[in-house]
Amino acid sequence: MRIGELAKRTGASERSLRYYEAQGLLSPSRTPAGYRIYAESDVDVVRHVQTLLAAGLNTAFIKEVLPCMVDTGEGLAPGCPELLPHLQKERARITMSIDGLATARTLLDGVISATPPDNTEYEAWVARRTG
DNA sequence: CTTCTCACA
DNA sequence: TGTGAGGA
């Protein structure tokens, strides 16, 4: 099938499909005219890529683990045992990221609730809109 | 009409 | 990642 059909069947944009290819996640053959020809199995590959991308993994990591992933009908499962450590490492990375955002939010909360030394303008504004 | 590459107010 | 140009 050509890129248009694969896009329709997976919900991925043609743009994304070409991007996945550039990242080595897909390697469609070409017609003499240069049109990309995808295999039926690529539909699943694209779905897996979308799942992993949504799970916060980058294309480089996906490229490594994709061949070890197996479809369970429900979702994806680790096809190789030596995959778990890497997956857990990714999980840890996401946790770090969340912690960073949490402290950022706490800091911002502090700024939002802080009382300015000279609050005349601030209070005038509050008074104006609270009536 | 569909796809391709390349470039970017 | 979207979008549009310019071509096949």
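Just the heavy atoms: all of them, side chains too, but no hydrogens, waters or symmetry mates, feed the values below. What you see is a predicted model; the values in this text were computed from it and never measured.
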*Side-chain contact, heavy-atom cut-off 4.5 Å: A:T59 with A:L53?*
yes
*Among B:dT5, C:dG2, B:dT2, find the nucleotide with the atom closest to the side chain of A:R18.*
B:dT5
*Given B:dT5, B:dT3, C:dG2, which nucleotide is nearest the side-chain atoms of A:R36?*
B:dT5
Euclidean distance, atom [atom1] of residue [X] to atom [atom2] of [N] [Å, nearest integer]:
| X | N | atom1 | atom2 | result |
| --- | --- | --- | --- | --- |
| A:E21 | B:dT3 | CD | C1' | 13 Å |
| A:R2 | B:dT2 | CZ | P | 8 Å |
| A:Y19 | B:dC6 | OH | P | 17 Å |
| A:R15 | B:dT5 | CZ | P | 12 Å |
| A:I3 | C:dA8 | CD1 | P | 20 Å |
| A:E14 | B:dC4 | CD | P | 7 Å |
| A:R30 | B:dT5 | CZ | P | 5 Å |

_Is it the case that the side chain of A:Q50 and the backbone of A:T10 share a donor-acceptor pair, with hydrogens and angles ignored and the cut-off at 3.5 Å?_
yes
*Would you say A:T51's side chain and A:R47's backbone share a donor-acceptor pair under 3.5 angstrom?*
yes
*In terms of side-chain geometry, is the basic nitrogen of A:E90 or A:R93 positioned less than 4.0 Å from the acidic oxygen of its partner?*
yes
*Ion pair present between A:E40 and A:R9, side-chain N to carboxylate O less than 4.0 angstrom?*
yes
Please report the shortest heavy-atom distance between [X] and [Y], naming the atom on each side.
| X | Y | result |
| --- | --- | --- |
| A:S13 | A:A7 | C-CB, 4.4 Å |
| A:A39 | A:M1 | O-CE, 3.5 Å |
| A:L17 | A:L26 | O-CD2, 4.3 Å |

*Heavy atom of residues 38-50 of chain A under 4.0 Å from DNA chain B: which residues?*
none
*If only side-chain N and O atoms of A:S13 are considered, is one of them under 4.0 Å from the OP1 or OP2 phosphate oxygen of C:dT1?*
no
Solution key, residues 60-81 of chain A side-chain donor-acceptor pairs under 3.5 Å, sequence neighbours excluded:
from, atom 1, to, atom 2, distance (Å)
A:D71, OD1, A:G73, N, 2.7
A:D71, OD2, A:H48, NE2, 3.2
A:T72, OG1, A:E74, N, 3.2
A:T72, OG1, A:G75, N, 2.9
A:T72, OG1, A:G75, O, 3.0

*Got a minute to check which stems DNA chain C is part of, using Watson-Crick or G-U wobble pairs under 3.5 Å, three or more consecutive?*
B:4-8 with C:2-6
